Amino acid sequence: MTETLKTDVNLHTIDQQPDDQPRPTCRARVIQAMLIFMGLMLFVAGIRYEIWVLAAFAILAFVMSRLFVRKSGPPIPEDSRQLRQIAFAAQIVAALSLAYVAQVWVVLLITAIILMVGHGAAYRYRAKRPRWLQGIAFVALHAAFFWMIIGMVNNQPYPQAQVAMLGMAAVSAVQFTRMNLISGMSMGLLNLYVAASLSRDLSFLVFLGSYLALMLLFLWQADTEDGLRDNPVVLRPIRAGAAGGTSTLVRRLRSWVLRFGIALPVAASLIFVFTPRFAGHPIIPPVTFNAPVRSGPNAQIINPALPLVQVQGWTDSVGDYYYGFDTRLDLAYRGGLSDTIMMYVRSPAWSYWRSHAYDTYDGRTWTQASNEVEIIERFGQSIELNDGNWFQDDYFVQTFQIVQPMPNLVFTGGQPMELYMAVDSVAVDSTDGIRVGQSLDPGMIYSVASLRQAFDPDALRAASTDYPDEVGPEYLQIPEIVTDRTRQLAHDLTRGLTNNYDRVIAIRDHLLVTYPYDFFPPPQAPNTDAIDQFLFVDQRGVCEHYVSAMVIMLRELGIPARLVAGFGSGTFNQFTNFYEVRANDAHAWVEVYFPEFGWVPFDPTPGWEGDPQTGPVSRWVFSGALGGLNLALPLGDILSAGAAVFGGIGGLIGFILVIGAVVALIYALWRWRHRLPTFQRRSTYHTDASRRRIFAAYRRAQRQLRSRRADGQTVQEHAEIAPTLQSLADLEDIAAYRPEPPDVNHVDQARSWRPDNPADRDQPAPFR
């Protein structure tokens, strides 16, 4: 049985005169002016210093200034239960995302309870707005910040995440108006931002998608309720008859799902391509909230797995700890490393993560000639590692998140200039390695601001050989056990070369292409030189063998060099923007001294990136677009950045795009099936300008009245329901069906139609 629909027409008249329109209060105008001024200053600063997140905040401030139009009179309370429920669900999703990545489930439970009670109280007292309730919210918000301070002292996990959750919940009790609800959802967005900074896998996409869906649902519901409240003509279909039809809720849900399915792939693509993935110059200095290191700096290397890494000789096991993170590095050790993730690094530039270096070799082990360290005290929020006005140079900031117990070595990229770490002081050894007083525990976070290490080969070729006094004899030390054939090989490989840079490259390239990598080379023979056995006997080995051979051969040529330990860059995750550094990323490489340039890194080990110098600092894909007010878009950089982003998540984005394309195709076919006669008429009559103007006026009138003509409904049938549209309906029939085009009077009459003009209702039908 076909279900019939009755239409209940509820007509509202709008009698308010233009002079009675509510206007912004004086205070609202002042706030608007302040927001506009602040946005302008932020935008100028963002463009000048290429701080693109700052420019984004400027745009946000401008939008807020347009929204902040407080009308004279008391604020209007929000009576919609649906909007409040959606806002509550969005805040719960945001808090859940943060609890998931920070593992603070008890705080999530407390947050949910406070949110539930707060929203209930705000809805109950929405019209009264009692001061005692506002006072409770004020005290609760400050209590959340006090809880964060306690957490920093008592070593609680992620106190900044806890204050974000509790602060959002504390203000829920004063969310009386719709703007208050939007502000509460914005605080949920801050929770998502903190969760994004801590998230290290694709699970965050679930929370982000859920939050975006709820935000769109909130906007859709708000627009629907505003239309029902403010529309002069409200159409309410009333179900009557037997079952079998489609309910209004189902139709609305189907329409929303179709629209969201089409918008999702487009929005996801734009978010991944055009959002700032990195910031080479952060807005504020990086600050870490974690338990401070109580112990003073130590001259010794403290490795939490010391008994494991000091096994001598041969082993076929695979461990988690690199034996090079010790006061001595034994080349006789054999063994592999696992793929356990040791730390995550967020960095806008490729780099090796350096810990320390060795300068003295005895034929089997590497050590440091000097045990003296320089103590550098903390000053303010950071520890200044080097002097100079380096902020004007090309620097970048790395943030390290420790996952497994690590030695008391501070890993850095590039040339470290400033350290942000919860310590009172650090010790810097003779090879520029940085140490703290205790091993690095899981959960510890610290940041380093460093200069890029990118050297021009031609400049290095022209470097002098006049070495300063601080480059001591230990960097040219060669033990007597080193064989003559090792020394001779160095001279043979560099014969005819006139500068030190070309000599370095010749030895590096020889090692790269001649000797295969092997985690388990034969054991070192007694009373032999490890380098000689590697070069002429085994002819295979691990990174320490390649590096040791290169350092000794360079020293034979009178070039200062040293062995450096640390980690390779790791595997970059395009979605999380973290380098995932695993145990088997532990590595050794060479540093060679060039006057006027300092220590320059080189890597002779096959299978690794041959150039460990710092890569280019990645910024937003449009970061160079307005630098120095140059409006030329770097299309090559944009395309390469977009390709890099899609390269890591191509499968996921491709799946979303396919699903979106299928949904869009089904929706388009459905619309084409039901609107084919209309499309045919448009293809016939839209070639005439006067017909197009009348059709446009009719569509504009439907939008203004928020009264759409239903499928299968003629314009005259629609005009019976909405009499205000009668004159336009007659004009639309003339434009659609009369062979002669409408004249100028018809077009002027259609354009002059206004929804609040009663004369349009009684106007006689135009001449047909």
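Nothing here was measured: the structure is a model prediction, and the numbers come from that model.
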Any chance the side chains of T367 and T360 put a donor and an acceptor closer than 3.5 Å? no
Ring centroid separation for Y546 and F534, is it under 6.0 angstrom? yes
Parallel, tilted or perpendicular: which one describes the rings of F597 and F455, with boundaries at 30° and 60°? perpendicular
Does the pair D529 and Y361 meet the rule for a side chain to side chain donor-acceptor pair (under 3.5 Å), with working shown? CA-CA 10 Å; D529 175 30; Y361 175 64; 2.5 Å; yes
Pair Y515 and H545, ring centroids less than 6.0 Å apart: no
Do other residues, nucleotides or ligands put more than 12 heavy atoms under 6.0 Å from D458 CG? yes
Indicate yes or no for a side-chain donor-acceptor contact from Y352 to the backbone of R354 under 3.5 Å, with no hydrogens or angles considered. no
Keeping R582 on the side-chain end and D339 on the backbone end, is there a donor-acceptor pair under 3.5 Å? yes
Quick check, are the ring centers of F411 and F325 under 6.0 angstrom apart? yes
Non-neighbouring partners of D362 that pass salt bridge (charged side-chain N to carboxylate O under 4.0 Å, His left out), sequence neighbours left out: none
Does a side chain donor of either T431 or D429 reach within less than 3.5 Å of an acceptor in the other side chain? yes
Neighbour count >12 (heavy atoms, 6.0 Å) for atom CD, E470: yes
Verify whether the ring centers belonging to F519 and Y517 lie closer than 6.0 Å. yes
Does any N or O in the side chain of E544 come within less than 3.5 Å of the main-chain N or O of S548, such that one atom is a donor and the other an acceptor? no
Pairs in or reaching into residues 457-496: which pass ring pair (Phe, Tyr, Trp, His ring centres under 6.0 Å), with residues at least two apart or in two chains? Y475-W599
Residue list, salt bridge (charged side-chain N to carboxylate O under 4.0 Å, His left out) with D432, at least two apart or on another chain: R562
Full working for side-chain contact (heavy atoms from CB on, under 4.5 Å) between R452 and F396: CA-CA 7 Å; R452 285 188 63 207; F396 66 107; 4.1 Å; yes
Looking only at side-chain N and O atoms, does Q398 offer a donor or acceptor that is under 3.5 Å from a partner on S450? yes
When you compare the side chains of D538 and Q533, does any donor N or O come within less than 3.5 Å of an acceptor on the partner? yes
Using ring centroids (six-membered ring only for Trp), state whether Y579 and W350 fall under 6.0 Å. no
